[in-house]
Amino acid sequence: MKKLFFTLLTAGSLLFANSATGAQAAQPVQTNAASSYETTTSSVQQVAASKATAKSGTFKTKYNSNVRADAGTKYKIVTMAKKGSIATATHQKKVGNSTWYKVKVNGKSGWVLSTLLTATTVKKASVKTASTSSVVSAALALKGIPYKFGGTTRSGFDCSGFVQYAYKQAGKSVSRTTTSQFAETYAVSNPQPGDLVFFANTYKPGISHVGIYIGNNQFVHSGGAKAEVKSMNDPYWGKKFHSYKRF
């Protein structure tokens, strides 16, 4: 009898244990939903916001093109670049199968689809400057013309009128007076032909006379009775020398 009771008790214990194990197995596995969402979102963001890399070059728009705040059509339009606009690239970014360039165009920065652009070269605007040889040649051609206070023509020159006329003949416009010519030039220690030579304290205190350096320690100017060449060691002008300057 005792043996039968023990057998029944053991069988009941096993049945209870198996039932508990089955109940645990039936319960759903708990996961951190918030953590999973954050991980997924982070991955999406990283793919969408791929890093931009440096890109240089000058391009021209093939069509009227929208320039956007970031790489992709979902971003707002910063400006619209008309067909033929010049765009300077600074960065590039890959979005899916497309490549976008960050450009400067219309005075603004933004992103343009690369297929809307074509590479081009921009010629620098030519600045009309006077060559030193042409300035010196023009100035020397005026030798012998009488000095005339306030003169700006071949009938007579004062010192700054002489400089202005010579430079104009060589293709460069300069200001009219000695003081303004002094103000718009910069000082040099080793003069080249065509540079200006300034003198001080001649007929008035301060900067008061100007000529054109022609090399070999000489300058040409309109002073005294006429336009003439003088040495920088001239007894009068040597003592009045102030500085060499260049446009």
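Every value quoted in this text rests on a predicted model; they were computed, and no experiment measured them.
The distance from atom OG of Ser222 to atom NZ of Lys148, rounded to the nearest 0.5 Å, is 11.5 Å. The OG1 atom of Thr118 sits 11.5 Å away from the CG atom of Leu116 when rounded to the nearest 0.5 Å. Annotation: the span from Leu140 atom CG to Ile214 atom CD1 amounts to 5.0 Å, rounded to 0.5 Å. For the atom pair Met80 CE and Thr61 OG1, the distance stands at 9.0 Å (nearest 0.5 Å). For the atom pair OG1 (Thr185) and CZ (Phe247), the distance works out to 6.0 Å, reported to the nearest 0.5 Å. The distance from atom OG of Ser243 to atom CD1 of Ile207, rounded to the nearest 0.5 Å, is 5.5 Å.
Under the 4.5 Å side-chain heavy-atom criterion for grouping Ile, Leu, Val, Met, Phe, Trp and Tyr, Tyr63 is connected to Val103 within one hydrophobic cluster. There is no path of hydrophobic side-chain contacts, each under 4.5 Å, that joins Val135 to Val188.
Inter-residue side-chain proximity for Leu117 and Lys62 is flagged as unmet; no heavy-atom pair is nearer than 4.5 Å. Using a 4.5 Å heavy-atom threshold, the side chains of Gln181 and Phe198 count as touching. The side-chain heavy atoms of Arg246 and Tyr186, taken from C-beta on, include a pair separated by under 4.5 Å. Between Asn106 and Val67, the closest side-chain pair of non-hydrogen atoms is not below 4.5 Å. The closest side-chain heavy-atom distance from His91 to Trp111 is below 4.5 Å. Side-chain contact between Lys104 and Thr90: present, with at least one pair of heavy atoms (C-beta onward) separated by less than 4.5 Å. No side-chain heavy atom of Cys159 sits less than 4.5 Å from a side-chain heavy atom of His221. Between Phe157 and Leu142, the closest side-chain pair of non-hydrogen atoms falls below 4.5 Å.
Contact record, Arg154 with Ile145: O-CG2, 3.1 Å, taken as the closest heavy-atom pair. Here the closest non-hydrogen pair linking Thr73 and Arg68 is O-NH1, 3.0 Å. Taking both residues in full, the closest heavy atoms of Gly223 and His209 are given as CA-CE1, 4.2 Å, listed atom of the first, atom of the second, then distance. Across all their heavy atoms, Ala166 and Ile212 have their closest contact at CB-CD1, 3.9 Å. Counting all heavy atoms, side chain and backbone alike, Ile86 lies closest to Val105 at O-CG2, 3.5 Å. Closest heavy-atom contact between Ser65 and Val112: CB-CG1, 4.5 Å.
For the side chain to side chain contact (heavy atoms under 4.5 Å, CB included) with Ser160, the lone residue among Thr178, Leu196, Thr179, Val174 that qualifies is Thr178.
Between Ser208 and Thr202, the side chains place a donor N or O and an acceptor N or O closer than 3.5 Å (distance only, hydrogens not considered). Side-chain atoms of Ser175 and Glu184 form a donor-acceptor pair, as typed in the model, at a separation below 3.5 Å. Side-chain contact of Ser180 with Thr177: a donor-acceptor pair under 3.5 Å is present, judged by distance alone.
The aromatic rings of Phe59 and Tyr101 lie tilted to each other, with the angle between the two planes from 30° to 60°.
No more than 12 heavy atoms of other residues, nucleotides or ligands sit less than 6.0 Å from atom NZ of Lys82. Within a 6.0 Å radius of NZ in Lys83, no more than 12 heavy atoms belonging to other residues, nucleotides or ligands are found. Residue Asn217 qualifies as enclosed at atom CG: its count of foreign heavy atoms under 6.0 Å is above 12.
At distances below 3.5 Å, not a single donor-acceptor pair connects side-chain atoms of Asp234 with backbone N or O atoms of Ser231. Not one N or O on the side chain of Ser85 forms a donor-acceptor pair closer than 3.5 Å with the backbone of Ala81. In this structure, the side chain of Thr132 does not engage the main chain of Gly194 through any donor-acceptor pair within 3.5 Å.
The distance between the ring centers of Phe219 and Phe199 falls below 6.0 angstrom. Between Phe162 and Tyr147, a ring centre-to-centre spacing not shorter than 6.0 Å is recorded.
Both tests pass for Lys245 against the ring of Phe182: distance under 6.0 Å to the centre and angle within 45° of the axis. Trp100 does not carry Lys94 over the face of its six-membered ring by the limits of under 6.0 Å from the centre and within 45° of the normal.
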Show the numbers, then the answer: is there a side chain to side chain contact (heavy atoms under 4.5 Å, CB included) between Tyr213 and Gln218? CA-CA 6 Å; Tyr213 186 73; Gln218 294 181 317; 5.9 Å; no

Applying side chain to side chain contact (heavy atoms under 4.5 Å, CB included) to Val197 and Met232, what does each step give before you reach the verdict? CA-CA 9 Å; Val197 187; Met232 292 300 301; 3.7 Å; yes

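Electrostatic pairing of Asp158 and Arg176 counts as a salt bridge here, judged by a charged N lying under 4.0 Å from a carboxylate O. Salt-bridge annotation for Lys102 and Asp70: absent, with no side-chain N of the basic residue lying under 4.0 Å from a carboxylate O of the acidic one.
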